[in-house]
A.B. asks: 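Starting off with a structure, shown below.
We number each residue from 1, following the sequence as shown. Both ligands and their constituent atoms are indexed starting at 1 by order of listing.
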Amino acid sequence: MNADWVVLDIEGTLTATSQVHVVLYDYARPRLGPWIDAHGDDPVVVAAVAQIRELGDLPPAAGTAEVVAVLHGWMDADQKIAPLKTLQGLIWEKGYADGDLTTEFFPDVAPKLRQWHSSGVRLAVFSSGSVAGQVASFSRTTDGDLTPLFSKHFDTVNAGPKREAPSYRTIAAGLDATGPRIVFFSDVPAELDAARAAGWQTVGVARSGEPFGDADFEPHPTIGTFDAVEVSL
Ligand SMILES: [Mg+2]
């Protein structure tokens with residue numbers, strides 16, 4: 001394939017879904033309340049808490065415990081709601097910085113990312129995890145610090161929902177690229193459909209044992225590992 005940009009999903013594509021659902025969620029869960037209480041003067045946290053009160057139908061005076069109950073409910077339902085992602089991202093960022101967390105990529109990932117990067121293909125991420133969380137997760141991996149490989153990061157806040165074509169048009173504008181010069185890799189067919197509707201090239205990543213490992217990826221070309229694909233300028 002030929003492209004100027006490779007845009008990558010993370011969960012299920014670069015990392016096992018369990019990495020997020022078990023390791024990261026479990027890490028964030030007990031730390032949400034203490035984080036809110038300790039950062040009452042951080043405008044980002046204040047704005048997130050106000051949004052949680054609104055979305056959770058809580059009274060303005062609702063305390064941290066009620067806010068955290070809403071957050072835990074969203075986590076249990078795997079609802080990726082922006083203020084939850086924001087707080088998780090902050091907590092994970094500190095967890096990586098403190099050395100509590102290390103991202104484990106599938107073994108074919110880091111060699112291919114390095115190969116693409118060194119060949120001049122530029123790399124970007126589009127994940128429902130916040131940009132802060134993305135950068136943190138790449139900073140400390142089983143393959144070292146991979147943050148220098150990535151030129152751009154997109155999430156549902158700065159791009160939009162992952163299953164809607166306008167989000168991919170927003171990203172293309174942010175990359176200063178046309179759709180045909182971008183390849184998107186994801187494990188979720190609906191995300192690939194949205195990217196293709198925006199004119200992008202798409203590749204399905206069907207990893208055995210992952211939630212979408214046996215999904216129908218038609219009409220998208222599909223790989224089981226990154227060893228099976230070449231992208232050059
Ligand atoms: Mg995914």
Side-chain angles (χ1 to χ4, degrees), residues 5-28 74-82 84-86 88-89 92 101 103-110 112-113 116 123-138 141-143 146 149-150 152-168 170-171 182-198 200-229 231:
W5 286 92
V6 164
V7 177
L8 298 150
D9 166 61
I10 297 179
E11 184 186 330
T13 300
L14 305 184
T15 65
T17 302
S18 60
Q19 170 92 19
V20 171
H21 282 250
V22 179
V23 178
L24 292 179
Y25 273 33
D26 282 357
Y27 186 80
W74 289 342
M75 291 176 77
D76 292 341
D78 196 25
Q79 290 184 290
K80 295 173 178 179
I81 295 174
L84 167 64
K85 305 306 288 187
T86 299
Q88 286 175 325
W92 293 333
L101 296 170
T103 303
E104 185 172 354
F105 288 114
F106 291 114
D108 51 296
V109 170
K112 184 61 77 173
L113 298 187
W116 283 336
L123 305 180
V125 173
F126 184 24
S127 168
S128 58
S130 69
V131 169
Q134 294 173 24
V135 173
S137 73
F138 286 117
T141 83
T142 44
D143 300 277
L146 299 185
L149 300 181
F150 291 89
K152 296 272 187 180
H153 292 267
F154 298 93
D155 61 16
T156 54
V157 175
N158 69 4
K162 293 190 76 186
R163 301 182 183 199
E164 294 181 14
S167 305
Y168 296 84
T170 299
I171 292 172
I182 308 170
V183 189
F184 180 52
F185 291 83
S186 174
D187 65 319
V188 178
E191 297 175 3
L192 298 165
D193 293 343
R196 180 166 283 213
W200 291 27
Q201 300 184 75
T202 50
V203 178
V205 182
R207 296 192 179 271
S208 62
E210 288 295 306
F212 292 89
D214 297 319
D216 178 8
F217 281 87
E218 284 292 322
H220 310 282
T222 303
I223 57 174
T225 87
F226 282 106
D227 296 332
V229 67
V231 179

A.B. asks: Could you tell me if T142 and E104 have a donor-acceptor pair between their side chains, going purely by distance under 3.5 Å?
C.D. replies: no

A.B. asks: Given a threshold of 2.8 Å, state how many protein N/O/S atoms are nearer than that to the Mg ion (ligand 1).
C.D. replies: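 Of the protein's nitrogen, oxygen and sulfur atoms, 3 lie under 2.8 Å from the Mg ion (ligand 1).
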
A.B. asks: Looking at residues at least two apart in the chain, or sitting in another chain, which of them share a salt bridge (charged side-chain N to carboxylate O under 4.0 Å, His left out) with R207?
C.D. replies: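 With neighbours one apart ignored, the set is D108.
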
A.B. asks: Step through the shown structure and confirm whether more than 12 heavy atoms of other residues, nucleotides or ligands are within 6.0 Å of NZ on K80.
C.D. replies: yes

A.B. asks: Under the salt bridge (charged side-chain N to carboxylate O under 4.0 Å, His left out) test, which residues partner K112, sequence neighbours left out?
C.D. replies: E230

A.B. asks: Can you name the residues that form a ring pair (Phe, Tyr, Trp, His ring centres under 6.0 Å) with F105, not counting sequence neighbours?
C.D. replies: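 Scan of F105 (ring pair (Phe, Tyr, Trp, His ring centres under 6.0 Å), adjacent residues dropped) gives F138.
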
A.B. asks: Specify the closest pair of heavy atoms between A165 and A197, including all atoms of both residues, with the distance to one decimal.
C.D. replies: CB-CB, 3.9 Å

